[in-house]
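First the structure, in the form of structure tokens, and then the observations on it.
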Protein chains: 2
Amino acid sequence: MSARRPPKLALPEATPSPAVRATAASVARTRPTIADVAAEAGVSKATVSRFFNHRERLLSPDIATRVEAAIAKLAYSPSPMAQALSHGRSRLIGLVVADITNPFSVAVLRGAEKVCQEAGYLVMLFNLGNERERERDAIAALASYQVDGFILNTQGQSEALGKNPTDTDILQGRPAVLVDRRHAALNADFVSLDNQSAMRAACDHLVEQGWRELLYITQPLEDVSSRQERASAFSRCIKVHAQAVRGQLLELGKAMKGAADGAPDGTLDAAIRALRERAGANGRGAIVAGNSVVTLRVAAAMARLGWRFGRELGFVGFDDPDWAPLIGPGLTMVSQPTDAIGQSAAQCLLERLGGLHGPARERLLPGRLVVRGSSAAATTRPATRSQKQLTPPEPPECAAPGGR
Amino acid sequence: MSARRPPKLALPEATPSPAVRATAASVARTRPTIADVAAEAGVSKATVSRFFNHRERLLSPDIATRVEAAIAKLAYSPSPMAQALSHGRSRLIGLVVADITNPFSVAVLRGAEKVCQEAGYLVMLFNLGNERERERDAIAALASYQVDGFILNTQGQSEALGKNPTDTDILQGRPAVLVDRRHAALNADFVSLDNQSAMRAACDHLVEQGWRELLYITQPLEDVSSRQERASAFSRCIKVHAQAVRGQLLELGKAMKGAADGAPDGTLDAAIRALRERAGANGRGAIVAGNSVVTLRVAAAMARLGWRFGRELGFVGFDDPDWAPLIGPGLTMVSQPTDAIGQSAAQCLLERLGGLHGPARERLLPGRLVVRGSSAAATTRPATRSQKQLTPPEPPECAAPGGR
DNA sequence: TTGTACGCGTTATCAG
DNA sequence: CTGATAACGCGTACAA
């Protein structure tokens, strides 16, 4: 509204405006256009356009250099907006994230963004803030900007999409890659941790170290495929080791939107206590946490109880945040190749954008078990440490350190 | 190249193509255009356009409803791309982040994105990955998409910008808001933590609790204004308390790009040891960490030494990550109002976009000191705990828990 | 109050 | 090999 270029007068044969602007462009308030370059080089717009797009088709070296010079002089670069309008591709990639607060999502985002940037794409970000109803809006908003493709890390399984018949079109026929969470109604490539194998590695390790009573703690399964897959993988592991270990699953309540969800804390504490009791006095109960959010809550619970990982209870968690080595004796973690996941997703998408057709692909990347103190052999020291603390000192009331 | 709409034939008076497409649009592969709506409603494109933009100007109720119906029927929404091209505004906001890995940046991003979305803007994200040379490219790339404004959280002070004369134009005259880090060459609004007061609160607290030998640890000051401000604020605090405490500053070496920067760890350990020796046997040495990255490294060092916060050394850090309560006795932290910072930045920008002129503004938000165990009174127990551990057991070599 | 025609910056088609 | 010219989808003076 302020520094907008004054509309050109519609004088039929006045001095051609582009040229005018080009020469007067010494103090140009606006980016040079292809017309400016054309005028500067004394050629037509089409020629300049060809210089960029159809370089293979010979344009006489003479003219080519003239155009090149003009481009350099004016520091011209094509407007992606106009290109999108005309040519149909925006060189934009829409990225929808369920919760930007989740370090996993950020790590993936990072990997994906890197690849996209290197390929000349820009990322448009939409954060759902854990409000899954907004998924439709997010995709629609992105689509309205003509994004060339989508990378989706969202909850929405069947619910949000698929009801409305027009939903099939929601992607506007543009390719999409799903990350970490499958999407029933969408046929798209899928990239994720190999949850099955990862869980297997975690459980095998615990069993091997002598932990015998396992508890898997997860956020609400809801429609989130990765949570479901890990949970069922856990069950399967328990079955495999049936003669040696027992297992149980705890699904945390939904976190109240932003609230400190106080009640669940109580149930979490109780569940942990119960685990220890089930395991008996030999200290062979261990927790498996479904992701870093759960890990955080479990660690807080342990602090409240005055317990220490690797002593009262064993522990393995999914994700490997920076701080995992610093909690207690260090937390044993299944490290996800987040960067690779993000990069892989972006590459998948780029391949599709490059014209690759065919059925939806699935790319499962292996996790890596990072062993630290929290899962150290349970059998070697129950008599020493655990027994000693069998009845742990009552935690100093609620004067817990975390004054949140 | 594949499913592109076939170019309309240039038949002078053939059946008007929009209408054709509208009726055949039952299986439309492309979004409806304003022409489709116009045809459907039996009015001109201009009328439909007016329906959106100049609602106040009377459009006969009759036609208004017809248009409305057509819009609803076709599920039409204007193309922001075309609008941007024509009208000059894209409803896009460019967000440049120095390092998306930094939780602080993410938290700010979150707050900003929320406000932007609510105001109908979409965020285009560009992550610098700590490569400051890319700042120019980032801004240029975003500008090429006609973003209406910028939110910048980048290192670049004078270096990257300001040399090239065209750099003044780099923002294309579009408003920008700087977050956390000032930018010498840019005149733009600035939103940040009130570093001066925050540091003051941190130091006062430590002094009050009896810590007497302070060490401020920061990432390389380089050109990052927030680091510089905190460092000088620290010096000032030391001066204020000169008769009671002594202070020193440690600037960590640049982290090797992605590497485990092994060497600096050694110097960090040495510095911490030296601090404790300076403080003497009364255990009154305390660390102040400039942000959560430093906190992480310090915590790792403490683990290597076998020391515990609040016992061998006191601690206060900037930023308040989730895991702060879980390290040792809980870490005392200066919590930044990250969400508010992000929101405030976005609001600043929206005001500018709304036409607000005037000189660059500066908005400093207060931090909040969250007291936990790591800074608990130093004077009450040096004789008990600290003395006992005066010569800490040599750490078990480099078999540190963190197998990174 | 509504319709017509043009421009925004590019690309693609079709003559030359 | 190069130059007009028509889209792309929309906003907006200008005319009706």
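In what follows, chains are A, B, ... by sequence order, proteins preceding strands, each numbered from 1. Values reported hereafter were calculated over all heavy atoms of this structure, with side chains retained and with hydrogens, waters and symmetry mates removed.
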Nearest 0.5 Å please: distance from the CG atom of B:D148 over to the CG atom of B:L350.
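If I round to the nearest 0.5 Å, the distance is 10.0 Å.
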Return the 5'-most residue of the pair A:K45, A:A64 with respect to DNA chain D, ranking by each residue's nearest nucleotide.
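Final value for this comparison: A:A64.
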Would you kindly give the [atom1]-to-[atom2] distance between [X] and [N], to the nearest whole Å?
X: A:N53; N: C:dG9; atom1: CG; atom2: P; result: 17 Å
X: B:R91; N: D:dG9; atom1: CZ; atom2: P; result: 21 Å
X: B:F52; N: D:dT12; atom1: CZ; atom2: C1'; result: 16 Å
X: B:Y145; N: C:dT10; atom1: OH; atom2: P; result: 13 Å
X: A:Q146; N: D:dC8; atom1: CD; atom2: C1'; result: 9 Å
X: B:H54; N: D:dC14; atom1: NE2; atom2: C1'; result: 14 Å
X: A:M81; N: C:dC8; atom1: CE; atom2: C1'; result: 12 Å
X: B:I34; N: D:dA7; atom1: CD1; atom2: C1'; result: 16 Å

Please state whether the base of C:dG3 and the side chain of B:R50 form at least one donor-acceptor pair under 3.5 Å?
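Pair found.
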Could you check whether the side chain of A:S86 and the base of C:dG9 have a donor-acceptor pair of N or O atoms closer than 3.5 Å, going by distance alone?
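Side chain to base: no pair present.
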What's the closest nucleotide to the side chain of [X] if the choices are [options]?
X: A:T33; options: C:dT2, C:dG9, D:dC10; result: C:dG9
X: A:T47; options: D:dC10, C:dA12, D:dT2; result: D:dT2
X: B:I63; options: C:dT2, C:dT10, D:dC10; result: C:dT2
X: B:V43; options: C:dT2, C:dT10, C:dG3; result: C:dG3
X: B:S79; options: D:dC10, C:dT10, C:dA12; result: D:dC10

Any non-hydrogen side-chain atom of [X] less than 4.5 Å from a side-chain atom of [Y]?
X: B:T154; Y: B:H183; value: yes
X: B:F51; Y: B:I71; value: yes
X: A:E113; Y: A:E118; value: no

Can A:D189 and A:R352 be counted as an ion pair, charged N to O under 4.0 angstrom?
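A:R352 and A:D189: salt-bridged.
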So does [X] get a side-chain nitrogen or oxygen closer than 4.0 Å to the phosphate oxygens (OP1/OP2) of [N]?
X: A:S60; N: D:dC1; result: no
X: A:Y76; N: C:dT10; result: yes
X: A:H87; N: D:dC8; result: no
X: B:Q83; N: D:dG11; result: yes

Test your reading of the model: is there a side-chain donor-acceptor pair from B:S90 to the backbone of B:Q146, 3.5 Å cut-off?
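Such a contact is found between B:S90 side chain and B:Q146 backbone.
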Name the nucleic acid region contacted by A:S144, choosing base, sugar-phosphate or nothing; use a 4.0 angstrom heavy-atom cut-off, strictly under.
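Since no nucleic acid heavy atom lies under 4.0 Å of A:S144, the category is nothing.
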Angle of first-five versus last-five pair axes in the helix from C:dT1-D:dA16 to C:dG16-D:dC1, to 10 degrees
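Comparing the first five pairs with the last five, the axes sit 50° apart.
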Quick one: on DNA chain C, does B:A82 or B:S44 contact a more 5' nucleotide (nearest heavy atom)?
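It is B:S44, whose closest nucleotide lies nearer the 5' terminus.
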Do A:Q347 and A:E351 get their side chains close enough for a donor-acceptor pair, meaning under 3.5 Å?
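No.
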Does one side chain, of B:R31 or B:S77, offer a donor that lies under 3.5 Å from an acceptor on the other?
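Yes.
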